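Working notes, structure below.
If you're wondering where the values come from, they're calculated on a predicted model, not measured in any experiment.
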Amino acid sequence: MDLQRTEEETVEEIKKWWRENGTAVFIGLAIGISVIVGVRYWGEYQQSQAQKASEIYNVVNEAIASKNYDVVFAQGQTLINDYSRTPYAPLAALIMAKAKFEKNNLTGAQLHLGWVIDHASDKGVQHIARIRLARLLLDNKDYVGAMKVIDGQGDSAFKSVYDELRGDIAAAQGNMAQARDAWLLALAATDIDPNRKQIIQIKLDDAAISKTASTPATATK
Amino acid sequence: MLQLIRDRAQGVLIWTIVGLIIITFALFGLSSYLSGSSTNYVASVNSVEIKEPEFRRETQRIEQKLGKEYRPEFSRFVKAQAIDRLVMRELLNQYQKDERFYVSDSSVLSELNKDESFKGTDGKFDSVRYREILSQSGMSPAMYEQEIGFLLAKSYLESGITRSEFTTASEVDNLRRLRNQQRDMGYLVINRSEYLKTAQASSQEVEAYYNDHRQEFMNPEQVRVEYVELKLEEMAARYPVSEQDIEKKYQAERNSYVINKEQRRAGHILIIVDKKTTEEAAKQKIAGILKEVKAGKDFAKLAKQHSQDPGSAKKGGDLGFFGRNVMDKAFEESAFSLKKGSVSEPVRSKYGYHLIKLTDIKPEKVKPLQAVREQIKKSLQIQQAQSDFGTDTSKLDLLSFEKPDSLSPVVEELGLTIKTSGFFTRQGGTGIAADPRVVQAAFSEEVLTGGKNSKMLELGEHALVLRIKEHKPASQRSLQEVTPLLQTRLKTQAAAAMVKETSDKVLARLQGGESPEQVVKSIKGAKWVKTGPIFRSAELDTVPLAKQVPHEIRRFGFTLPKPDAGKTSWGNTATGTGDGVVVGLFAVQVSDTKADKAKQQQEVLALTNFQGRAMLDHLLKQLHKDAKISINLPKDE
């Protein structure tokens with residue numbers, strides 16, 4: 001660089017740089033600021049949406065406790081229509097499914113549970129909906145459908161629940177060997193509640209399979 | 001100046017940096033720069049750290065909850081629980097943020113309005129009171145409201161999951177069928193004790209077993225220590241105490257030896273001073289009554305006639321016994337200065353004018369000096385010994401440390417005697433070895449292998465220095481020594497094998513179609529028992545005989561495969577006490593009577609609650625599973 005430049009030259013250079021890049025800087029700043037404002041605004045908008053949703057949800061939640069089904073359906077539908085991206089919509093849908101179940105409307109209950117599986121952002125809530133849907137189908141003797149709903153649901157904190165359910169479905173189909181295997185898997189889970197363990201053990205005991213006469217049936221333990 | 005401008009103008013890079021800084025501040029605010037990690041963290045949840053002070057508060061909270069139940073041994077569990085809670089809380093906190101579980105300000109407000117402790121005297125929310133209560137626990141309203149919001153969102157999630165749970169008809173039916181199932185069984189028990197009688201263990205077998213399990217048969221390492229000790233109480237006994245000193249202390253502390261304070265019984269006549277009766281009128285009236293008393297009229301009769309204290313007037317003015325600090329001050333002064341049987345001059349209390357007649361005195365009862373003499377003497381001695389005990393223990397501490405190879409220097413200097421303990425192991429022993437601090441010192445590196453004096457142990461008002469007198473390392477127990485033990489063990493094993501063999505043979509015979517009544521005759525001490533139909537749980541059984549079926553046998557019978565019609569399903573097992581059991585299952589029946597409506601509803605409700613809680617539990621476990629959690633518990637002090 002030229003070390004002999006005078007001040008005038010330098011000022012001239014700055015002016016030149018500014019003529020060439022000024023617009024770009026302005027546009028850059030404008031974009032930057034509007035992005036910041038936009039992000040903030042979006043965050044606040046979502047927060048206020050969720051807050052409104054929480055109040056509607058509270059109404060649904062109270063209504064199911066007092067079996068006020070009309071309110072459950074009306075307010076729940078509002079959440080699903082207008083606030084589907086808040087966490088309150090899937091919870092309300094779970095509650096609506098329960099209300100439909102209590103009114104013996106199994107198709108309706110299934111639809112709501114299906115909606116939760118597709119729309120809940122939390123995996124745990126999805127699992128719960130999936131398990132409940134499979135249980136409804138099992139109760140309705142739709143064994144293939146029930147199995148399909150829980151198919152491939154392996155590695156999660158709900159594994160033991162899925163295993164037990166697989167056993168229940170197999171047992172309902174009369175497939176006792178398969179049922180026993182599934183229940184044994186469920187029992188092997190370390191995080192299992194003692195009450196649930198007891199129930200599975202009873203089902204397992206009851207499904208004991210007769211061995212051939214040549215091998216004496218000694219107890220495993 | 002210009003140099004600066006030139007530098008700036010040169011770098012688009014610098015503009016970019018400035019821009020980035022602006023954006024970060026705008027997005028995250030200053031706080032992300034200010035909250036440095038200065039304290040240690042005990043856990044990190046998705047790189048959010050839980051700090052030590054927070055952890056300490058939580059452990060304290062748990063300890064407080066345990067209250068009197070708390071013991072230092074629980075420390076590990078308390079810490080683990082505190083960590084679990086804090087991690088769970090942080091997980092939920094992050095979950096609420098990620099999922100946008102926001103709650104509205106008005107619902108937070110209505111929670112505050114519900115809280116009784118924030119209500120003022122008019123029963124409404126009192127904001128001054130609210131701030132006061134919060135500041136007592138060092139919280140700002142913003143912090144507290146955030147906490148309420150957190151709890152509210154948590155309850156929204158919980159109730160959403162649990163209230164939406166259901167139980168299907170087939171689920172209730174299946175469970176009821178299992179519970180109401182009855183099984184008709186028979187069993188025979190093969191007693192191990194019968195086989196123990198004839199079981200043998202040859203000396204060769206014992207020796208072989210001994211050689212295979214040598215390391216099981218060791219004498220534990222033991223030591224015997226010699227020690228010197230200083231006991232405050234023992235030292236104190238040597239100090240003379242004069243009778244005068246005891247007497248002086250007794251007098252000084254007399255109040256603490258009082259068993260019953262003085263009580264007096266009095267009657268009174270009251271003339272009330274109030275709006276209707278002026279001071280002057282009352283005074284005159286009471287003076288008139290006093291005259292009558294002095295003239296010899298009966299006090300009780302006068303009280304009945306004149307006293308305006310209706311309760312006592314009926315009883316002739318009698319107030320019964322009372323101590324000091326019960327009555328009006330002026331009344332008390334007078335009552336406690338009268339002689340028995342005399343009547344006071346008019347006394348003005350806050351009620352009006354009284355005449356008081358003292359009728360009885362129960363004098364103060366004090367423990368006599370004789371009863372507390374020893375106690376006082378001891379405490380005087382201890383007072384005197386305290387400073388000498390202090391000097392002697394510091395001498396003991398210093399000397400035993402400076403001359404660590406023997407106890408004789410301290411013995412000479414302090415005039416102590418060397419005592420010797422019995423043998424004890426690392427698990428402790430009797431006498432001084434019952435104290436774990438003594439055991440720890442005796443087995444410490446320095447004392448055990450270094451052969452030095454221990455540090456002075458301070459066991460309350462008892463100081464002790466020890467050194468090893470004798471050390472027995474762990475040693476092999478001889479074959480001879482353990483033979484009786486091994487014989488029992490091997491015989492038990494042999495008996496168990498015979499039981500198993502018999503049990504298997506019996507099972508095979510029964511499966512082959514022989515009748516149990518026939519088979520049982522060939523087994524020593526065995527009995528064939530038919531249970532009749534029994535339930536899975538003895539609680540449901542009503543027939544006494546069915547109730548008595550041992551739990552293990554009942555349980556085993558319910559694991560047997562169901563028999564084909566007319567056949568028997570046989571199986572065998574061993575009980576916890578080593579007896580063999582052969583069980584036959586004849587029939588399985590279900591009393592399929594529908595439960596009554598109320599009971600069924602109850603069952604459904606219980607199952608639904610249980611299932612709902614389970615779902616919530618698994619949801620939280622899922623959060624745990626998906627998070628990156630590292631625990632960094634501080635080491636124990």
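In terms of modelled atom types and a separation under 3.5 Å, the side chain of B:Arg163 and the main chain of A:Asn61 share a donor-acceptor contact. Side chain of B:Gln622 to backbone of A:Ala157: a donor-acceptor contact under 3.5 angstrom is found. Counting only distance, with no hydrogens or angles, the side chain of A:Arg135 and the backbone of B:Phe166 share a donor-acceptor pair below 3.5 Å. B:Tyr156 contributes no side-chain N or O that, together with a main-chain N or O of A:Leu91, makes up a donor-acceptor pair within less than 3.5 Å. Without hydrogens or angle criteria, B:Tyr102 side chain to A:Ser54 main chain gives no donor-acceptor distance under 3.5 Å.
With a 4.5 Å cut-off on non-hydrogen atoms, A:Ile199 touches chain B through its side chain but not through its backbone. Only the side chain of A:Ile131 comes within less than 4.5 Å of a heavy atom of chain B; its backbone N, CA, C and O stay farther away.
Interface check for chain A: of the options B:Leu620, B:Thr167, B:Val588, B:Leu616, the most heavy-atom pairs under 4.5 Å are formed by B:Thr167. Of the listed residues (B:Asp626, B:Leu623, B:Leu175, B:Leu619), the one with the most heavy-atom contacts under 4.5 Å to chain A is B:Leu619.
Taken from CG in A:Asn58 to OG in B:Ser110, the straight-line distance is 8.0 Å, to the nearest 0.5 Å.
Around CZ of B:Arg613, the count of heavy atoms belonging to other residues, nucleotides or ligands within 6.0 Å does not exceed 12. Other residues, nucleotides and ligands contribute over 12 non-hydrogen atoms within 6.0 Å of the NZ atom of B:Lys621.
A 4.5 Å side-chain heavy-atom check between A:Asp155 and B:Lys625 finds at least one atom pair inside the cut-off. Side chains of B:Ser170 and A:Lys141 form no contact here, defined as non-hydrogen atoms less than 4.5 Å apart. A 4.5 Å side-chain heavy-atom check between B:Asp617 and A:Asp193 finds every atom pair outside the cut-off.
Tested against B:Thr168 for a side-chain contact (heavy atoms from CB on, under 4.5 Å), the candidates A:Leu136, A:Leu137, A:Leu106 yield a single pass: A:Leu136. Shown are B:Arg177, B:Arg179, B:Lys562; of these, the salt bridge (charged side-chain N to carboxylate O under 4.0 Å, His left out) with A:Asp206 is made only by B:Lys562.
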Step-by-step side-chain contact (heavy atoms from CB on, under 4.5 Å) determination, B:Arg100 to A:Thr86: CA-CA 7 Å; B:Arg100 302 200 186 83; A:Thr86 70; over 6 Å; no

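Summarising the geometry of A:Arg196 relative to B:Phe610, their closest heavy-atom pair is N-CZ, 3.5 Å, with the distance given to 0.1 Å.
A donor-acceptor contact closer than 3.5 angstrom is absent between the side chains of A:Glu55 and B:Ser107.
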